[in-house]
S.K.: 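My questions all concern the structure below.
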Amino acid sequence: MTLPIVAILGRPNVGKSTLVNRLAGDNNAIVHDQPGATRDRTYRPAFWQDREFVVVDTGGLVFDDETEFLPLIREQAMAALAEASAAIFVVDGQTGLTAGDEAIAQWLRTHPVPVLLAVNKCESPQQGLIQANEFWGLGLGEPFPVSGIHGNGTGELLDQLSTYLPLVAEIPETPEIKVAIVGRPNVGKSSLLNALTGETRSIVSPISGTTRDAIDMVVERQGKTYRLIDTAGIRKKKNVDYGPEFFGINRAFKAIRRSDVVMLVIDAVDGVTEQDQKLAGRIAEEGRACVIVVNKWDAVEKDSYTIYEQEAELKDRLHFVDWAQAIFVSAITGQRVEKILDVVDIADEQHKRRVTTAVINEVLQDAVSWHSPPTSRQGRQGKIYYGTQVRSQPPTIALFVNDPKRFNENYRRYIERQFREHLGFTGTPVRFLLRGKKAREVEDNSSRANRATRV
């Protein structure tokens, strides 16, 4: 069932994102004292009493200026209004009525969507009524004095909003694959999102830093639901000033943590950069599944060896995620874009995969027979007694050994290669925990003590 949509509209810097955070009950929208911090339209679930809906944050509307992103921001706001069941027009109670507010009100009156007028920044309930009175002249009905920061007046606003929203029966939780789209600025992340969804959800521009918020988009395909999260381009820390870009990059890192699969987008023309390597390392550290998407493949001059050379470079320079599949695409022409989610499916399945203890020990037995664990200088050889998978996302395997110190990094990598050769685990990191004999004895004693206490 599709939830009704409520569009949040208004001039720049009137507190739309602050109000969105209040209505959605979190702080995911970037709030910064600078016009234009929000550019794309972002969708967030919200509810009030017996109503559920989706609130859409939009960029600041300006009708008398054609500079930089403003025409594109207007397109995003218009798209949000076109699909909305109701709209909340946010104005600044401290600034008072402006010509920009009057222009937006005139534009809203040409649309059949019900509009509520929220006079924001009314922190004082008594003073707020005086501030709100000035906006009766917009001809949009009763102005509601509210404070996005403190929540004053939002209950009355939502009570009125509920009259325009249908009752929604309890919706069963739909499993979805969360996919974060990350990469350096201007590698085509927003273009890929638009190509995958079939609509212009994100503003696309050759200017670095166009996307600032982490933008969620739900897509259904072949009975599966994907939550695609477009993120801000991640530059080197020393090049980032404190402000909207700083917050956007933090949102991107959070998007990696809350995702199941990360699409690491690489520019085919630039090749793998140092920043791409750092991002790959971050993905591996977070234990996320990964798909490497090499975009702008149409702009590369090719011969019969090009793709093999590119794959070799990816394996060499992105060795942190050498288990990730790579796909070469063009968001502009659509080349192989439809196959990206097929690769995402594989990575997600392997990331959530569980393997029986019997199979794990068969692989271990075969691996040890071909290459025995290292021997210490005192002639004591490492021994692996058995292994078992202790968790998934990512697959994590505990190896019970006589002494973890006897297993160097080379042998650990050998064990991982054997597991991947026999069991696959394509697209996901695999973690190994080495547990020594003393640790097992402590665990066994603890278990016996717990049993005795229960008795």
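All values derive from a computational prediction rather than experimental measurement. All values below were derived from every heavy atom in this structure, side-chain atoms included, with hydrogens, water molecules and symmetry-related copies excluded.
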S.K.: Return yes when atom CD1 of I332 has more than 12 non-hydrogen atoms of other residues, nucleotides or ligands closer than 6.0 Å, and no otherwise.
M.R.: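 No, the 6.0 Å shell around CD1 holds no more than 12 heavy atoms from other groups.
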S.K.: I'd like to know if the side chain of E123 and the backbone of I149 have a donor-acceptor N/O pair within less than 3.5 Å.
M.R.: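 No; judged by distance alone, with no hydrogens or angles, the pair does not exist.
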S.K.: Please list all pairs passing the ring-ring contact (aromatic ring centres under 6.0 Å, His included) test where one or both residues lie in residues 74-93, with sequence neighbours left out.
M.R.: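 Qualifying pairs: none.
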S.K.: Quick one: list whatever passes side-chain hydrogen bond (donor to acceptor under 3.5 Å, both in side chains) with K178, sequence neighbours left out.
M.R.: none
S.K.: Would you please test V430 and W323 for side chain to side chain contact (heavy atoms under 4.5 Å, CB included) and show each step?
M.R.: CA-CA 9 Å; V430 180; W323 34 261; over 6 Å; no
S.K.: Not counting sequence neighbours, which residues clear ring-ring contact (aromatic ring centres under 6.0 Å, His included) with Y164? List them please.
M.R.: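 Residues passing ring-ring contact (aromatic ring centres under 6.0 Å, His included) with Y164: none at all.
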S.K.: What heavy-atom pair brings G387 and L364 nearest, and what distance separates the two atoms?
M.R.: N-CD1, 3.6 Å
S.K.: Can you tell whether the side chains of E286 and R282 come within less than 4.0 Å, N to carboxylate O?
M.R.: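 Yes, charged N to carboxylate O under 4.0 Å.
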S.K.: Run the salt bridge (charged side-chain N to carboxylate O under 4.0 Å, His left out) test against K352 and tell me which residues pass, sequence neighbours left out.
M.R.: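 So K352 forms a salt bridge (charged side-chain N to carboxylate O under 4.0 Å, His left out) with D348.
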S.K.: Does a sphere of radius 6.0 Å around NZ in K339 hold more than 12 heavy atoms from other residues, nucleotides or ligands, not counting ones at 6.0 Å or beyond?
M.R.: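 No, the 6.0 Å shell around NZ holds no more than 12 heavy atoms from other groups.
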S.K.: Just verifying a value: how many Å separate L158 CG and F47 CZ, rounded to the nearest 0.5 Å?
M.R.: 10.5 Å
S.K.: Might you point out which heavy atoms bring A24 and R44 nearest each other, and give the distance in Å?
M.R.: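 A24 and R44 have their closest heavy atoms at CB-NH2, 3.8 Å.
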S.K.: In terms of side-chain geometry, is the basic nitrogen of D57 or K16 positioned less than 4.0 Å from the acidic oxygen of its partner?
M.R.: no
S.K.: Applying salt bridge (charged side-chain N to carboxylate O under 4.0 Å, His left out), name anything that partners R420, two or more places apart in sequence or on another chain.
M.R.: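 Checked R420 against salt bridge (charged side-chain N to carboxylate O under 4.0 Å, His left out); matches are E416.
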S.K.: Applying ring-ring contact (aromatic ring centres under 6.0 Å, His included), name anything that partners F328, two or more places apart in sequence or on another chain.
M.R.: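 Here the qualifying residues are W297.
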S.K.: S330: which residues meet the side-chain hydrogen bond (donor to acceptor under 3.5 Å, both in side chains) condition with it, sequence neighbours left out?
M.R.: D298, T333
S.K.: In chain order, what residues pass the side-chain hydrogen bond (donor to acceptor under 3.5 Å, both in side chains) check against S392, with sequence neighbours excluded?
M.R.: none
S.K.: With rounding to the nearest 0.5 angstrom, report the CD1 to CG distance, I177 to L341.
M.R.: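 So the gap between those two atoms works out to 8.5 Å.
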S.K.: For a 4.5 angstrom cut-off between non-hydrogen side-chain atoms, does D101 reach T98?
M.R.: yes
S.K.: Using salt bridge (charged side-chain N to carboxylate O under 4.0 Å, His left out) as the criterion, list what pairs up with D403, not counting sequence neighbours.
M.R.: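 In terms of salt bridge (charged side-chain N to carboxylate O under 4.0 Å, His left out), with neighbours along the sequence ignored, D403 is linked to R406.
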S.K.: Could you work out, with side-chain hydrogen bond (donor to acceptor under 3.5 Å, both in side chains) as the rule, every residue matching D159, not counting sequence neighbours?
M.R.: W48
S.K.: How long is the gap from OG1 on T357 to OH on Y386, to the nearest 0.5 Å?
M.R.: 9.0 Å
S.K.: Can a donor-acceptor pair be found, under 3.5 Å and without considering hydrogens, that links the side chain of N21 to the backbone of T18?
M.R.: no
S.K.: Determine yes or no for a side-chain-to-main-chain donor-acceptor pair under 3.5 angstrom, with H351 supplying the side chain and A347 the backbone.
M.R.: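 Answer holds: no.
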S.K.: Above 12 or not: heavy atoms from other molecules or residues under 6.0 Å from NZ of K405?
M.R.: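 No - once you tally the heavy atoms of other residues, nucleotides and ligands closer than 6.0 Å, there are 12 at most.
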S.K.: Which residues pass the ring-ring contact (aromatic ring centres under 6.0 Å, His included) test with H371, not counting sequence neighbours?
M.R.: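 So H371 forms a ring-ring contact (aromatic ring centres under 6.0 Å, His included) with Y411, Y414.
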S.K.: Could you give the distance from CE (M263) to CD1 (I292), rounded to the nearest 0.5 Å?
M.R.: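 One finds 12.0 Å between CE of M263 and CD1 of I292.
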S.K.: Got a sec, which residues hit side chain to side chain contact (heavy atoms under 4.5 Å, CB included) with R317, two or more places apart in sequence or on another chain?
M.R.: V272, Q277, E313
S.K.: Using a cut-off of 6.0 Å, state whether more than 12 heavy atoms not belonging to R391 lie near its atom CZ.
M.R.: no
S.K.: What distance do L228 atom CG and K189 atom NZ have between them, rounded to the nearest 0.5 Å?
M.R.: 14.5 Å
S.K.: Supply the atom-to-atom distance L314 CG to E309 CD, rounded to the nearest 0.5 angstrom.
M.R.: 12.0 Å
S.K.: Do NZ/NE/NH1/NH2 and the carboxylate oxygens of R336 and D342 come within less than 4.0 Å?
M.R.: no
